[in-house]
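The next block holds one structure in the form of structure tokens; read it before the comments.
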Amino acid sequence: MSDSSSKTTEVDTSGDPKPNQEAVRDEGLLASQSSRGLTAWAAVGLIAALLLGGTAFPGTILGILADIITNKDTFAAALRLSVPIAFAALGGIFSEKAGIINIGLEGLLIISAFTAIYVTDITGEIWVGFGGGVIASVLLALLFAVVTIKFRADQIIAGLAVWLIALGLAPFASQVIYNSPNTPTVGTTGSISVPMLAEIPFFGALFSASPSVYLLLIAVVASWYVFERTAFGRWIRASGENPKALDTAGVSVNRVRYAGVLISGVLTGMGGSALSLDLGQFTGNGPTMVNGKGFIAIVAYLFGNYNPIGAFLTTMLFAGLDAIQTVFQLQGIGLPQQLIRIIPFVMVIIILALVGRTRLPEAAGEHYESGEK
């Protein structure tokens, strides 16, 4: 058999040829990328069709929807709603690319959201509170890292434990301190507005937003730069793809993985702090004010194929749908509010169904010990 044919087929003990696993994986990756592209273009086509239909039939549901989509306030709301999800998605990328699957992002958002309000309340300084929320998230992420890296615990179970700990601890702490699962209101981060530019139709929302929106945009670009242009980014990728090679090169795999998880704590903590401080209150009832945003962040970076920019755009899609459904409810168009409210979550399910297979980093979820045979 020639070398070229041996790269695409293998022979098992029964003598039957079978596809080479790497070739099958590459085919699956190409298929998933094609599915993402088709899904993205379908979304663009659907929006274009809605806008054309709304222009042709003003006063109808299509017309109302077109007005909502092109409204600057809708774009502003989408930017604000995307902040906690996108920050958590960026954090998840750093952790998972390093080889540690962190499904506890929801818990990091919860604990940072509460701590930011509490520290702001006792210090009277909003940005001190913001930093306090980030520190709380990093400490919980550090606990997760120690359990999964040093003690080699199952990463999925440890991530669920982080979520459940935060889900119980934050409302309990609020109940003890404030006699209610909901904290009192504190000051908010406010907004930064650029004169004249803020008046631009639709895109003017970019020039009149909370500081957390600008922090997010900086974080997206910085994360992309780290992965694509720095040695540390290459170490992160190698830690999740081929930790043995990274170890052979003299770089500590465990240190890189600790760094990846702690960076996920920093970024997710920024998202949780921004979530509560933009509103000035922590709400601990039920699933808390976080309400699944950490899990949606996981969908975002999977659909974005572990690319910070792709994850951000996916987050904007969900946040835009969330903003649209909120305005839809206020319009009183005759559809049940319960039906309108679930639109963003239905879209998440559709995206999961259409995205195809996302190739996880080769060593994600696997423990590694330096020098093991």
Side-chain angles (χ1 to χ4, degrees), residues 77 79-92 94 102 104-144 162-192 209-220 261-297 315 319:
L79 286 170
R80 176 177 53 81
L81 292 169
S82 72
V83 169
I85 303 173
F87 267 122
L90 294 177
F94 271 96
N102 185 1
L105 300 174
E106 180 89 355
L108 300 182
L109 286 174
I110 293 172
I111 202 69
S112 56
F114 168 74
T115 305
I117 294 296
Y118 174 63
V119 174
T120 299
D121 186 35
I122 62 176
T123 64
E125 297 292 335
I126 293 173
W127 291 107
V128 173
F130 188 93
V134 173
I135 291 172
S137 176
V138 170
L139 291 176
L140 191 54
L142 177 61
L143 174 63
F144 170 76
V162 167
W163 167 46
L164 293 172
I165 288 171
L167 183 62
L169 180 60
F172 174 74
S174 180
Q175 183 71 49
V176 170
I177 297 170
Y178 299 111
N179 296 317
S180 170
N182 306 327
T183 66
T185 57
V186 298
T188 63
T189 51
S191 64
I192 299 175
S210 70
S212 58
V213 170
Y214 300 114
L215 286 175
L216 172 61
L217 296 176
I218 293 171
V220 170
V261 176
L262 292 179
I263 290 173
S264 79
V266 171
L267 290 167
T268 309
M270 292 173 71
S273 297
L275 174 64
S276 58
L277 287 174
D278 281 353
L279 298 174
Q281 183 183 29
F282 172 79
T283 304
N285 291 323
T288 76
M289 67 189 305
V290 175
N291 195 27
K293 291 178 176 60
F295 297 112
I296 294 171
T315 300

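Just the heavy atoms: all of them, side chains too, but no hydrogens, waters or symmetry mates, feed the values below. The structure displayed is predicted, hence computed values, not measured ones.
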Counting only N and O atoms by type, is there a donor-acceptor contact under 3.5 Å from the side chain of Thr268 to the main-chain atoms of Gly265?
no
Under 3.5 Å donor-acceptor, Thr283 side chain and Asn285 backbone
no
Residues in ring-ring contact (aromatic ring centres under 6.0 Å, His included) with Phe114, at least two apart?
Phe282
Going by ring-ring contact (aromatic ring centres under 6.0 Å, His included), name the residues that satisfy it together with Phe130, two or more places apart in sequence or in a different chain.
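Result, ring-ring contact (aromatic ring centres under 6.0 Å, His included) vs Phe130: Trp127.
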Which residues share a side chain to side chain contact (heavy atoms under 4.5 Å, CB included) with [X], sequence neighbours left out:
{"X": "Ile263", "value": "Phe94, Phe232, Leu267"}
{"X": "Ser191", "value": "none"}
{"X": "Leu142", "value": "Val146, Leu262"}
{"X": "Val186", "value": "Ile117, Thr120, Asp121, Leu277"}

Sequence neighbours left out, what passes side-chain hydrogen bond (donor to acceptor under 3.5 Å, both in side chains) with Ser212? Give chain and number order.
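In terms of side-chain hydrogen bond (donor to acceptor under 3.5 Å, both in side chains), with neighbours along the sequence ignored, Ser212 is linked to Ser210, Asp278.
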Taking only residues two or more places apart in sequence, or in another chain, which ones meet Tyr214 in a side-chain hydrogen bond (donor to acceptor under 3.5 Å, both in side chains)?
none
Can you tell me how far the CG atom of Asn291 sits from the CD1 atom of Ile110, to the nearest 0.5 Å?
9.5 Å
Per-pair distances, 0.1 Å, donor-acceptor, side chain in residues 162-175, under 3.5 Å, sequence neighbours excluded:
from	atom 1	to	atom 2	distance (Å)
Ser174	OG	Ser180	O	2.7
Ser174	OG	Pro181	O	3.3
Gln175	NE2	Asn179	O	3.3

Please find the pair of heavy atoms, one from Ser264 and one from Asn102, that lie closest to each other, and give the distance.
OG-ND2, 3.5 Å
Side-chain polar contacts of residues 79-88 - donor-acceptor pairs under 3.5 angstrom, sequence neighbours left out - could you list them?
from	atom 1	to	atom 2	distance (Å)
Ser82	OG	Ala78	O	3.4
Ser82	OG	Leu79	O	2.7

